[in-house]
Amino acid sequence: MFKLPPDDNSKELEVGELYSVLKRRGYFWPSFEIYGGVAGFVDLGPLGSLIRENIEGIWKDKFLLEEGFHLVDCPSINPEVVFAASGHLEKFSDLLVRCSSCLLPFRADHLLEDLIENPDALGKDELAAALKENDIRCPECSSELGGPEEFNLMFSTFIGPGKEKLAYLRPETAQSIFMDFNSLYRYNRDRMPFGVAQIGKGFRNEISPRQGMLRLREFHMAEGEFFFDPDDPSFKGAGRYLDLEVGLLASSDPGSTIHTTLGKATDEGIIGSRLLAHFLGVTHSFATSIGIPAGGMRFRQHLPSEMAHYARDCWDLEVITSNGWVEMVGVADRSAYDLNQHAKASGVDLRARRKFDEPIVREISRLQPKMKEMGPIFRGDAKALGEALESLDPKNLKDHISSREPITVTLRGKEVEIPSNCYELVEGQERIHVEPFTPNVIEPSFGIDRLMVSVLEHAYRESDTSPKGGESEDGTYRVLRLDPRVAPVKAGVFPLLNKDDLPELASPLNDRLRRRGLNTYYDVSGSIGRRYARMDEIGTPFCITIDHQSVEDGSATVRERDSGEQVRVPIEGMVDLIEDLCRGRVSFENL
RNA sequence: GCGGGCGUGGUGUAGCCUGGUAUCACUUUAGCUUGCCAAGCUAAAAACUCGGGUUCAAAUCCCGGCGCCCGCACCA
């Protein structure tokens, strides 16, 4: 259990209470509930869908508008080759062995860890043999173990009729961006560096998902892939976050949180690069703007043992929740791993070109085979012999060349003499303008559902009374202090009484607000206090009340959620005012 | 997947041992009322996790499935 912020009069959080409110008020609930439900799946209700869109909108503002990333949208179903190349087929799947008597499952490679080197790399049959050789038995009851069975965390399916074309639901959205690298590089007009973003769903067939929204089998993710030249890691906006103070848990000292600025942490080598630090800054800034308090988050560096197969370095943004510190975002240094893997598997060149300001002048000296002479002599071997000749270093053969002696090369274990009329020495200068290289990648990867519940948990307050001292029925007054940009409903619109021409004034105002794109909630039922309470509970930041004075002078009151304070303003400018309040252009206190 | 616990209106519950179709509160809806923070009155809607067995009769007893929670294991 946690309590944030530590100041106000809110009670210690009853998270169970919060989740029942969220379910009741339409944020989210278990999927397939009428059939008993399936763990690891949730439905976002009307309010949950809206808050998710709002959070993703703020994410887009951050990554597309501020950081200049390009947005793409790619399929969730990918053919098998994709994950064979990415390594997910092998690394994302565990070989399990099950005890024949107590039926407990174990990771086969873990059982062999101390006995043989790198058991992780063994195939299914090799593992079975190794288990037998070392006479491994069930660690629990010492009975015999069954043969290893594969368990892959990816959902599989088939493309088209028949069962030939095996496919998987993507466990991350990143792979599409790597496969599309050439098109995206061209789109960016062959310039480096650049970032690409994607928001979509990921799927992981977790063995046993628990903890509700924190480990789902189908989840929303927002990922960015920033491609850069490892020899020139400069980028726009460097320095934007150097002075940002953050909490860091470095893998060298996982026990203690360091509080320092991103700039200092980079200078001291705690964070590996400016670029990595920059994206920690972007991540931090995003999390803050959706309502996670700075005091409730920290960055934790992965230990070498927990690193994903593709990562060279990884920092997680962790947020304190009712489940303790939970990973929300992974900022990983994927090096050139993925592009190299896809290039190798597909045979397609996935490299960028580095342009030199000044062409590089290189002294060259090599043996150039004369194929015209070699062809008639060596026939079918001519090409291979020519290549062998080219690969030789002329420096070691100076004497042969100057005395025009034959040169001996080895082909398929046989020594072959190549006469001097079949080659010539090429010497001189070569001017190089571009050089191909495989870009490196920094990947910030966001778990949207987790962030959503964290935002809700951190926004939740319970107190004994409403802001103005009104008694609630069960002694607990519940408020979601959501940022107006995140809140699914921006304003409640209430006629104080359901008569005396008040609805006739309130309803058109409600229509005008909605036409401006502001999601409102029009409510005439119950006492005014009850209606405020309903809005507070779902996090609506403002309530507009039309009363008798409104009929007389065209004014209405606007109530702010957290303070309960009201101001009276002209109905005429109400739509602009609410819009400005929700976008943070004006603050309620200054009205 | 294993072990343990649990499963009653939207929510929280009573009833289960000792079989006779369900308690209470909140919520919701409609009307009245109500001149700014869950007020009141009247009415209404709404549940026994599923399947099988025992029995005249099952929320209740028995068996099984499913789901949830906790622990173990798993968690790129």
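Below, read A as the first sequence line, B as the second, and so on, with proteins coming before strands; counting in each chain starts at 1.
- Under 4.0 angstrom from either OP1 or OP2 of B/A39 there lies at least one side-chain N or O belonging to A/Ser527.
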Short heteroatom pairs, N/O only, protein and nucleotides 11-13 of chain B, under 3.5 Å:
none

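- The neighbour count for A/Lys344 NZ, taken as heavy atoms of other residues, nucleotides or ligands under 6.0 Å away, does not exceed 12.
- Side-chain atoms of A/Ser346 come within 3.5 Å of backbone atoms of A/His342 as a donor-acceptor pair (strictly under, hydrogens ignored).
- Atom name C1', nucleotides B/A43 and B/C69: the rounded distance is 39 Å, in whole Å.
- Both cation-pi conditions hold for A/Arg298 and A/Trp325: the charged atom is under 6.0 angstrom from the six-membered ring centre and inside a 45 degree cone around its axis.
- A/Arg530 has no side-chain polar atom (N or O) that falls below the 4.0 Å cut-off from OP1 or OP2 of B/C36.
- Here the C1' atom of nucleotide B/A39 and the OH atom of A/Tyr477 are 14 Å apart, to the nearest Å.
- Applying side-chain contact (heavy atoms from CB on, under 4.5 Å) to A/Leu480 and the options A/Thr540, A/Leu47, A/Ile51, A/Leu22 leaves one that passes, A/Leu22.
- Contacts of A/Val21 with the nucleic acid, taken as non-hydrogen atoms under 4.0 Å apart, are absent.
- In this structure, CG of A/Leu502 is placed 9 Å from C1' of B/G35, rounded to the nearest angstrom.
- Within 6.0 Å of CD in A/Glu504 there are more than 12 heavy atoms belonging to other residues, nucleotides or ligands.
- Within 4.0 Å of A/Thr465, counting heavy atoms only, lies no atom of the nucleic acid at all.
- Within the structure, every side-chain polar atom (N or O) of A/Lys499 is placed at least 4.0 Å from both OP1 and OP2 of B/G35.
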Legend entry - Test log, rule side chain to side chain donor-acceptor pair (under 3.5 Å), inputs A/Ser550 and A/Asp547: CA-CA 5 Å; A/Ser550 307; A/Asp547 57 13; 3.0 Å; yes
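- In the region residues 78-87 of chain A, proximity to RNA chain B at under 4.0 angstrom, judged on heavy atoms, holds for none of the residues.
- In terms of position along RNA chain B, the nucleotide closest to A/Arg478 lies nearer the 5' end than the nucleotide closest to the other residue of the pair A/Pro171 and A/Arg478.
- Base-pair partner of B/C56: B/G20 (Watson-Crick or G-U wobble, both distances under 3.5 Å).
- Across all strands shown, B/C6 forms a Watson-Crick or G-U wobble pair, both distances under 3.5 Å, with B/G67.
- Contact annotation for A/Asp500: no contact, since no heavy-atom pair falls under 4.0 Å across all strands.
- Within 4.0 Å (heavy atoms only), A/Arg531 reaches no atom of the nucleic acid at all.
- Nucleotides B/G20 and B/A58, compared at atom P, are 11 Å apart to the nearest Å.
- Counting any heavy atom pair closer than 4.0 Å across all strands shown, A/His309 reaches sugar-phosphate atoms only and no base atom.
- As judged by a 4.0 angstrom heavy-atom cut-off over every strand, A/Ala39 is placed among residues touching the sugar-phosphate backbone only.
- Base contact: A/Ala533 has a heavy atom under 4.0 Å from a base atom.
- Listed nucleotides: B/G35, B/U29, B/C37. Nearest to the side chain of A/Leu496: B/G35.
- Base contact: A/Glu537 has a heavy atom under 4.0 Å from a base atom.
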